A.B. asks: 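Pasting a structure below so you can have a look.
Only a predicted model underlies this, so the values are computations on that prediction, with no experimental measurement involved.
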Amino acid sequence: MNSSHTVQKISIDDLDPKEYIIIKNAKVNNLKSLSVAIPRNKLVVVTGLSGSGKSSLAFDTLFAEGQRMYVESLSSYARQFLGRMEKPDVEYIKGVSPAIAIQQKVSTKNPRSTVGTTTEIYDYLKLLFSRIGRTFSPVSGEEVKHHTVTDVVDFIHSFEEGDRVMISCPLQILNDRSIKQELELLLQKGFTRILIDGEAYFVEDLVIEKKMPKGHYEILIDRATVQKEDEDNQFRIADSVQTAFFEGHGECTIMIPEKDKRTFSDKFELDDILFELPSVNFFSFNNPYGACRTCEGFGSVLGLDPDLVIPDKSMSVYEGAIAPWRGETTGKWLEPLVKKGIYFDFPIHRAYEDLSEAEQELLWTGNSHFKGLNEFFKELESKTHKIQYRVMLSRFRGRTTCPDCRGTRLRKDASFVKIAGHSITDIVLMPIEKALPFFQTLDISPAEQKVANRLLKEILNRLEYIDKVGLGYLTLNRLTSSLSGGEFQRIKLATSLGSALVGSMYILDEPSIGLHPRDTDRLIEVLKALRDMGNTVIVVEHEEKIMKAADEIIDIGPDAGVKGGNLMFQGNLEELLASSDTYTAKYLKGEEKINIKKANRKWRDSIVVRGARENNLKNVTTKFPLNTLTVVTGVSGSGKSTLIKKVLYPALGKIHGTVIDETGKFDKLEGDYKKITQIEFVDQNPIGKSSRSNPVTYVKAYDAIRALFSELPVSKQRGYKPAFFSFNVDGGRCEACQGEGTQTVEMQFMADIHLTCESCKGKRFKAEILDAKYKEKDISDILAMTIDEAMEFFQGKNQIINKLQPLQEVGLGYIGMGQSSNTLSGGEAQRVKLASFLGKGGNKSGEHILFIFDEPTTGLHFHDIKKLLHSINALIDQGHTVIIIEHNTEVIKSADWVIDIGPEGGERGGNITFEGTPEALMEVKDNYTAKYLREAFDGN
């Protein structure tokens with residue numbers, strides 16, 4: 001079945017569910033009775049405008065039914081908790097395979113979750129190190145060894161048949177007992193002989209002696225002969241050795257008369273240090289036994305952040321560089337320093353960054369003339385019973401890497417255990433692209449190979465897939481919560497590949513997000529590998545390269561929201577280009593172009609970041625022009641996010657007192673950064689923490705709508721104030737669901753289930769509130785409208801229209817007015833934030849905001865990118881500055897200034913490979929971004 005035309009010729013009811021996944025008449029969200037047959041074991045791309053219904057088809061219909069059918073297969077006991085799991089609004093779905101959805105959202109905020117634990121590589125590493133790891137003393141560097149019963153028995157059997165053997169151990173005298181008392185105890189235990197300086201005596205003869213002979217006392221445990229074939233004799237010797245170790249507190253002596261004498265120890269010690277025997281828990285930071293004592297397995301400790309204490313290092317002490325001493329009360333700590341600085345030659349008018357290390361240290365330690373910052377914070381801590389001091393302390397505290405475990409979360413002595421010269425802490429701190437060759441070339445003995453073979457296979461398998469999906473620059477120690485949505489999705493994809501499932505249905509949400517075009521090729525290989533293993537791979541995607549690699553393309557449209565939800569095309573790429581006139585086909589054919597005419601903005605002012613060296617940045621210095629659109633690009637892992645999110649954003653944010661994140665290492669900020677009045681990081685996090693949060697409340701349009709409804713005759717007659725039309729406070733909202741419209745059933749072993757509220761039937765308000773109607777629509781009907789519908793409905797109501805218009809301009813006209821914020825994709829949430837800034841109108845107050853966008857094209861079709869760029873340019877026209885972290889060539893083309901970081905990811909990245917205009921970048925040879933940019937320009 002190659003194209004949509006074939007769908008009409010062959011009835012969908014006649015297709016074989018063994019060959020196709022068949023969906024008939026899907027009406028979920030905006031889908032218009034959509035019927036489609038997806039071929040099994042193929043790579044299928046679902047595309048279309050943002051909001052056209054792609055996710056409704058892939059996730060809300062197909063995956064939801066796969067999940068529901070799985071629940072149906074559970075026992076009746078488990079199903080009683082899930083009985084009301086709703087079936088998607090569809091006539092039928094046939095041929096559904098077990099479904100695995102890999103979405104963009106970073107679903108874990110657990111501070112203990114790392115890349116290693118998420119991919120299960122760390123579990124195999126723990127086993128590997130506990131099985132074949134060797135412990136080395138940190139004092140001498142020698143290997144720590146201990147003897148087992150088997151070692152001693154093997155030593156005895158290395159002698160000739162019939163040789164006599166004496167097994168003994170030192171006599172341990174405990175609890176201030178005399179030798180005589182100790183010997184009496186030995187008699188009671190059944191021992192009969194003792195050795196004194198190698199000579200044998202009967203214990204009972206010694207006990208009656210008044211004076212004990214001097215010398216080295218040993219208990220003679222057993223006397224035997226070497227009999228290699230006699231099993232009973234072997235058991236007897238092993239038992240005696242075990243007894244010797246017990247009685248000798250870990251020491252056992254074997255003497256073969258006239259041949260050899262050797263002492264064995266089962267203590268795991270060297271250089272007077274008793275070491276722990278490696279076990280799985282010894283390497284587990286989630287177990288109190290293996291966790292670092294200082295940070296308790298979190299990898300970071302809460303301490304004073306010097307960047308928060310002295311946020312602007314260009315200021316002098318006199319100008320107020322020390323933030324906690326700027327207040328009226330705390331300013332008293334500064335007075336002695338300012339007044340008496342002359343006595344110890346302290347330059348109070350010199351910028352903090354220009355002070356010598358000794359002078360900077362003096363501010364913390366103080367001297368006889370003034371008390372330093374350490375003393376100041378000690379006094380604050382002594383007064384933490386008062387709330388104001390606790391609040392003040394919290395303002396200057398931040399998380400810093402644990403000094404004991406280097407952020408690896410493990411107890412210090414875990415790093416003494418090594419394989420091929422590397423400890424487990426060394427391995428988790430290595431970029432995966434370095435860890436992979438380490439395991440590929442691991443040189444271990446045949447015996448160790450036998451033990452480790454299966455573990456190494458699993459570790460290598462998973463490391464190879466992570467490297468293939470373009471994440472070789474990550475370390476296994478990297479926190480999962482610090483990954484971007486795209487990185488997290490590719491980690492889950494690599495884990496799925498590592499588990500080697502067959503016959504499943506993988507549904508992916510834009511896996512190309514955050515990937516440089518170079519890395520997209522590697523991702524395509526991985527998706528094809530997943531398909532070739534015997535799985536159906538369904539990808540919701542806009543990336544041209546992935547469409548070209550797909551076996552089948554399904555295009556949903558024609559437009560977004562209520563104007564979408566139809567199957568516009570199904571077939572391969574050639575058929576799409578030949579027979580379709582959808583937006584996707586037009587852009588792929590070049591009939592429609594994004595081309596945003598640039599204003600060729602001239603700029604004078606800029607912010608300069610000097611000497612950035614956080615993560616993999618190689619002491620780089622770069623400038624960001626003001627009143628322009630700057631795009632920061634480079635391959636995945638090259639250092640883009642580090643430069644912007646870890647250095648520029650916190651450094652500027654701390655000057656304005658709006659950011660408390662730890663600042664990455666850099667020398668100083670220069671240039672015109674003081675012209676920035678505010679800094680806004682427009683990320684893809686949800687727009688509100690509450691599930692009642694929605695786009696219309698976020699852009700402040702709902703205030704005007706509530707005011708309008710409170711002015712209606714019915715409202716005035718019944719005394720309904722604007723608050724009665726709010727679902728956030730008591731009054732008019734339905735109290736059963738507290739204005740949510742849905743009730744959540746919490747599941748302990750599955751995702752929570754959201755059910756329509758039975759009291760208000762999803763309307764969110766009490767029945768009497770719904771009597772108030774404007775143009776025959778109640779408040780619930782208004783919230784059910786899309787932004788586009790509301791724009792038409794509220795014609796003439798400028799207060800409402802002006803707030804809603806920016807949402808339409810950024811391409812979100814299709815979203816629901818009351819749509820819960822947790823149903824918005826990361827890209828949609830980002831554009832709602834952008835709309836809220838545009839909605840503030842022209843820049844009348846002379847503000848200069850620096851906007852930072854992280855991958856704003858996430859989830860955007862070519863057609864939507866055009867709208868997005870118009871909106872971003874509108875911000876710059878209002879007098880603001882925009883910096884975008886982006887790989888999309890269309891956005892790079894539209895920039896005024898491009899900063900390219902590379903040349904590669906991880907250790908081989910971190911250099912500024914280009915700064916200038918996109919036109920100048922295209923002339924650069926041997927640059928990945930330049931190569932793909934030339935292709936994009938040639939295409940247009």
Side-chain angles (χ1 to χ4, degrees), residues 312 314 596-612 617 620-634 638-653 655-656 664 666-682 834 837-838 843 846-857 868-902 911-924 927 929-930 933:
D312 189 348
S314 68
I596 298 286
K597 287 277 182 279
K598 286 198 296 179
N600 288 328
R601 302 179 182 99
K602 299 284 181 274
W603 53 273
R604 291 191 312 278
D605 306 331
S606 64
I607 299 170
V608 178
V609 172
R610 190 166 293 284
L617 293 177
V620 301
T621 295
T622 185
K623 60 177 171 287
F624 299 90
L626 300 184
N627 303 114
T628 55
L629 170 56
T630 299
V631 172
V632 182
T633 186
S638 58
K640 306 178 298 297
S641 295
T642 301
L643 178 63
I644 304 302
K645 291 188 191 175
K646 283 279 195 76
V647 179
L648 179 68
Y649 173 60
L652 276 172
I655 290 170
H656 290 101
F666 77 110
D667 290 339
K668 59 180 173 180
L669 278 181
E670 293 177 345
D672 307 285
Y673 62 87
K674 287 184 180 171
K675 292 189 176 178
I676 300 290
T677 57
Q678 191 182 332
I679 182 164
E680 289 291 343
F681 192 91
V682 189
L834 172 58
F837 288 112
L838 288 170
N843 191 359
E847 281 187 315
H848 187 161
I849 304 174
L850 171 63
F851 289 95
I852 296 173
F853 289 87
D854 186 12
E855 301 270 351
T857 59
L868 176 79
L869 285 169
H870 275 299
S871 300
I872 285 174
N873 279 308
L875 282 178
I876 298 166
D877 295 339
Q878 287 179 12
H880 304 303
T881 299
V882 177
I883 297 172
I884 302 180
I885 302 168
E886 188 56 86
H887 298 110
N888 188 291
T889 46
E890 298 294 343
V891 176
I892 300 170
K893 274 163 56 178
S894 306
D896 300 299
W897 192 255
V898 179
I899 297 169
D900 189 59
I901 304 180
N911 296 297
I912 304 290
T913 56
F914 174 82
E915 277 184 282
T917 62
E919 292 76 13
L921 175 57
M922 280 197 297
E923 305 301 320
V924 179
N927 180 293
T929 308
L933 199 55

A.B. asks: Go through the steps for Ile679 and Ile852 under the test side chain to side chain contact (heavy atoms under 4.5 Å, CB included), then give the verdict.
C.D. replies: CA-CA 8 Å; Ile679 182 164; Ile852 296 173; 4.1 Å; yes
A.B. asks: Measure from the side-chain N and O atoms of Thr913 to the backbone N and O of Asp900, and report whether any donor-acceptor pair falls under 3.5 Å.
C.D. replies: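 A pair under 3.5 Å: yes.
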A.B. asks: Which heavy atom of Ile884 sits nearest to which heavy atom of Val882, and what is that distance?
C.D. replies: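 That closest heavy-atom pairing would be CG1-CG1, 3.7 Å.
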A.B. asks: So Tyr649 and Phe681, would you call those rings parallel, tilted or perpendicular, with 30° and 60° as cut-offs?
C.D. replies: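 Aromatic pair Tyr649/Phe681 classed tilted.
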A.B. asks: Can you tell me how far the CD1 atom of Ile676 sits from the CD atom of Glu847, to the nearest 0.5 Å?
C.D. replies: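 It is 11.0 Å, given to the nearest 0.5 Å.
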A.B. asks: Taking all non-hydrogen atoms of both residues, which atom of Leu933 and which atom of Lys893 are closest, and how far apart?
C.D. replies: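 Taking Leu933 first and Lys893 second, the nearest heavy atoms are CD1-CG, 3.7 Å.
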A.B. asks: With side chain to side chain contact (heavy atoms under 4.5 Å, CB included) as the test, would you mind laying out the steps for Ile883 and Leu850 before giving the verdict?
C.D. replies: CA-CA 8 Å; Ile883 297 172; Leu850 171 63; 3.7 Å; yes
A.B. asks: For the OG1 atom of Thr857 and the NE2 atom of His887, what is their distance to the nearest 0.5 Å?
C.D. replies: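 If I round to the nearest 0.5 Å, the distance is 9.5 Å.
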A.B. asks: Testing the basics here: between Ala930 and Val924, what is the closest heavy-atom pair and its distance to 0.1 Å?
C.D. replies: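 Shortest heavy-atom separation between Ala930 and Val924 comes out as CB-O, 3.5 Å.
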A.B. asks: List for me each residue that meets side chain to side chain donor-acceptor pair (under 3.5 Å) alongside Thr881, sequence neighbours excluded, and say none if there are none.
C.D. replies: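 If we apply the side chain to side chain donor-acceptor pair (under 3.5 Å) test to Thr881, skipping adjacent residues, the hits are His848.
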A.B. asks: Looking at every non-hydrogen atom in both residues, tell me the closest pair between Gly664 and Val647 and how far apart they are.
C.D. replies: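 Where Gly664 meets Val647 most closely, the heavy atoms are CA-CG2, 4.3 Å.
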A.B. asks: Does any part of the side chain of Thr917, heavy atoms only, come nearer than 4.5 Å to the side chain of Val898, both counted from C-beta?
C.D. replies: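 No - every pair of side-chain heavy atoms lies 4.5 Å or more apart.
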A.B. asks: Taking side chain to side chain donor-acceptor pair (under 3.5 Å) as the definition, give me every residue that meets it alongside Lys645, ordered by chain and number, with sequence neighbours left out.
C.D. replies: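 So Lys645 forms a side chain to side chain donor-acceptor pair (under 3.5 Å) with Asp854.
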A.B. asks: Which heavy atom of Ala895 sits nearest a heavy atom of Pro918, and at what distance?
C.D. replies: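 The pair with the smallest heavy-atom distance is O-CG, 3.3 Å.
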A.B. asks: Using only atom types and a distance under 3.5 Å, with no angle test, would you say the side chain of Lys640 pairs donor to acceptor with the backbone of Val632?
C.D. replies: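 Judged by distance alone, no pair lies under 3.5 Å.
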A.B. asks: Which one of Thr621, Thr622, Leu617 satisfies the side-chain contact (heavy atoms from CB on, under 4.5 Å) criterion with Ile912?
C.D. replies: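 That would be Thr622.
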A.B. asks: Any chance you could lay out the side chain to side chain contact (heavy atoms under 4.5 Å, CB included) test for Trp897 and Ser606, step after step, and finish with the verdict?
C.D. replies: CA-CA 11 Å; Trp897 192 255; Ser606 64; over 6 Å; no
A.B. asks: Keeping His880 on the side-chain end and Ile849 on the backbone end, is there a donor-acceptor pair under 3.5 Å?
C.D. replies: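 Looks like yes, one N/O pair under 3.5 Å.
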A.B. asks: Walk me through it: do Arg610 and Asp667 pass the test salt bridge (Lys or Arg N to Asp or Glu O under 4.0 Å)?
C.D. replies: CA-CA 6 Å; Arg610 190 166 293 284; Asp667 290 339; over 6 Å; no
A.B. asks: With a 4.5 Å cut-off on side-chain heavy atoms, are Phe914 and Ile899 touching?
C.D. replies: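 Of all side-chain heavy-atom pairs linking Phe914 with Ile899, none is under 4.5 Å.
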A.B. asks: Evaluate the side chain to side chain contact (heavy atoms under 4.5 Å, CB included) criterion for residues Leu648 and Ile607: first the C-alpha distance (whole Å), next the side-chain angles of each, then the deciding distance (0.1 Å), finally the verdict.
C.D. replies: CA-CA 9 Å; Leu648 179 68; Ile607 299 170; 4.2 Å; yes
A.B. asks: Which residues pass the side chain to side chain donor-acceptor pair (under 3.5 Å) test with Asp605, sequence neighbours left out?
C.D. replies: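 Listed in chain order: Lys675.
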A.B. asks: Is there a donor-acceptor pair closer than 3.5 Å between any side-chain N or O of Asp896 and the backbone N or O of Thr628?
C.D. replies: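 No, the answer is negative, given that no donor and acceptor are paired below the 3.5 Å cut-off.
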A.B. asks: Backbone N or O of Glu886 within a donor-acceptor pair of the Thr633 side chain at under 3.5 Å?
C.D. replies: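 Side chain of Thr633 to backbone of Glu886, a donor-acceptor pair under 3.5 Å: yes, one is there.
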A.B. asks: Heavy-atom distance under 4.5 Å between the side chains of Val682 and Pro856, does that happen here?
C.D. replies: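 Sidechains of Pro856 and Val682: no contact.
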A.B. asks: For a quick test of reading the model, state the closest non-hydrogen atom pair linking Leu869 to Glu890 and the distance between them.
C.D. replies: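 Answer, listing the atom of Leu869 first, then Glu890: CD1-O, 4.3 Å.
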